[in-house]
Amino acid sequence: MIGIDLIKTSRMNRLIERFGERALYRFLSEDEISLVKNYKTASGFWAAKEACSKALGVGIGSECSFHDITLYKTQSGAPKLKLSQKLVDKFSIKYTSLSITHDGEYAIAVVALESASADKV
């Protein structure tokens, strides 16, 4: 399963200017916020969570909230995803992959998920 998302970083900048750090708590945990360097990083994190929810085929909503998806970084700085147990169980997820990139005023994320049910196809 694959999901992709694109966000104009100025949109995130306006959100943070208007609501401050409260805007970040809407979609990030405290640990994730500690990784945010600026509005462009926050934009990439938003895109990553949206892309993940699209890969699941449900979008952000009652089946999958922003807080069911956690972002962290490896020692080398690569972004990674951790899904809530609820999502792992419901969608039989056994592997996740994430790529985030920025170009000019845009942040783009791609997520690939592998489920146990994919073995049966």
Side-chain angles (χ1 to χ4, degrees):
M1 303 177 288
I2 297 173
I4 187 169
D5 193 66
L6 166 81
I7 180 173
K8 193 166 187 177
T9 58
S10 60
R11 184 173 147 219
M12 181 62 63
N13 191 35
R14 283 192 307 275
L15 188 67
I16 293 169
E17 284 178 347
R18 183 169 178 197
F19 297 105
E21 198 172 76
R22 283 185 331 178
L24 298 178
Y25 281 101
R26 177 177 173 217
F27 68 100
L28 299 173
S29 68
E30 283 191 39
D31 289 340
E32 292 169 312
I33 290 170
S34 72
L35 300 173
V36 173
K37 298 175 184 169
N38 54 45
Y39 69 95
K40 289 186 178 192
T41 306
S43 298
F45 284 13
W46 176 281
K49 291 188 176 202
E50 286 282 353
C52 184
S53 71
K54 291 173 182 178
L56 292 170
V58 296
I60 296 294
S62 61
E63 290 183 82
C64 174
S65 79
F66 282 119
H67 295 285
D68 283 319
I69 304 162
T70 303
L71 298 165
Y72 65 97
K73 292 194 175 189
T74 65
Q75 283 186 328
S76 61
K80 293 288 189 177
L81 289 171
K82 183 177 187 310
L83 304 180
S84 68
Q85 195 60 51
K86 173 183 97 171
L87 293 181
V88 170
D89 293 344
K90 181 173 183 158
F91 296 98
S92 303
I93 302 301
K94 57 186 217 177
Y95 179 76
T96 67
S97 182
L98 166 64
S99 181
I100 302 172
T101 191
H102 298 81
D103 188 13
E105 283 300 308
Y106 294 91
I108 303 161
V110 177
V111 171
L113 304 174
E114 185 178 335
S115 70
S117 60
D119 295 338
K120 299 174 186 169
V121 176

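Everything numeric here is computed off the predicted structure, so don't read it as measured data.
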All heavy atoms of A55 vs all of G3, minimum pair found to be CB-N, 3.5 Å

Those residues at least two apart in sequence (or on a different chain) that pass side chain to side chain contact (heavy atoms under 4.5 Å, CB included) with K40 are T9, N38, H102, E105

Exactly one of K49, K73, H67 clears side-chain hydrogen bond (donor to acceptor under 3.5 Å, both in side chains) with E32, and that residue is K49

I want to check something: taking the side chain as every heavy atom from C-beta on, are L83 and C52 in contact at a cut-off of under 4.5 Å?
yes

The reported gap from CZ in R18 to CG in N13 (rounded to nearest 0.5 angstrom) is 14.0 Å

### Task
Treating Ile, Leu, Val, Met, Phe, Trp and Tyr as nodes and any side-chain heavy-atom pair under 4.5 angstrom as an edge, say whether I69 and Y72 lie in one connected cluster.
no

The reported gap from CZ in R26 to CG in L15 (rounded to nearest 0.5 angstrom) is 7.0 Å

When every non-hydrogen atom of S53 is compared with those of C64, the smallest separation belongs to CB-SG, 4.0 Å

Query raised in the report: When you look at NZ of K80, are more than 12 heavy atoms from neighbouring residues, nucleotides or ligands closer to it than 6.0 Å?
Result: no

Whether over 12 other heavy atoms sit under 6.0 Å from D103 CG: no

Partner of L81 under side chain to side chain contact (heavy atoms under 4.5 Å, CB included), picked from I93, L98, T70, is L98

Min side-chain heavy-atom separation F45-I100 under 4.5 Å = yes

dist K90:NZ -> D68:CG (nearest 0.5 Å) comes out at 10.0 Å

Would you sort out whether T41 and L35 count as a side chain to side chain contact (heavy atoms under 4.5 Å, CB included), showing the intermediate values?
CA-CA 8 Å; T41 306; L35 300 173; 5.8 Å; no

What one should report as the nearest heavy-atom pair of L71 and A48 is CD2-CB, 3.9 Å

For A109 and G44 the tightest heavy-atom approach is CB-O, 4.4 Å

Review point. If two hydrophobic side chains count as joined below 4.5 Å and joins carry through other members, does V111 share a cluster with M1?
Key: yes

Determine whether Q85 and V88 make a side-chain contact, defined as any pair of heavy atoms from C-beta on separated by less than 4.5 Å.
yes

Linking I/L/V/M/F/W/Y whenever their side-chain heavy atoms sit closer than 4.5 Å, directly or via other members, would I4 and I2 fall into one cluster? yes

#### Entry: Validation row: F27, L24 side chains within 4.5 angstrom (heavy atoms)
yes

Same cluster or not: are Y39 and Y106 linked, directly or through other Ile, Leu, Val, Met, Phe, Trp or Tyr residues, by side-chain heavy atoms under 4.5 angstrom apart?
-> no

d(W46 CH2, I60 CD1) to nearest 0.5 Å is 8.0 Å

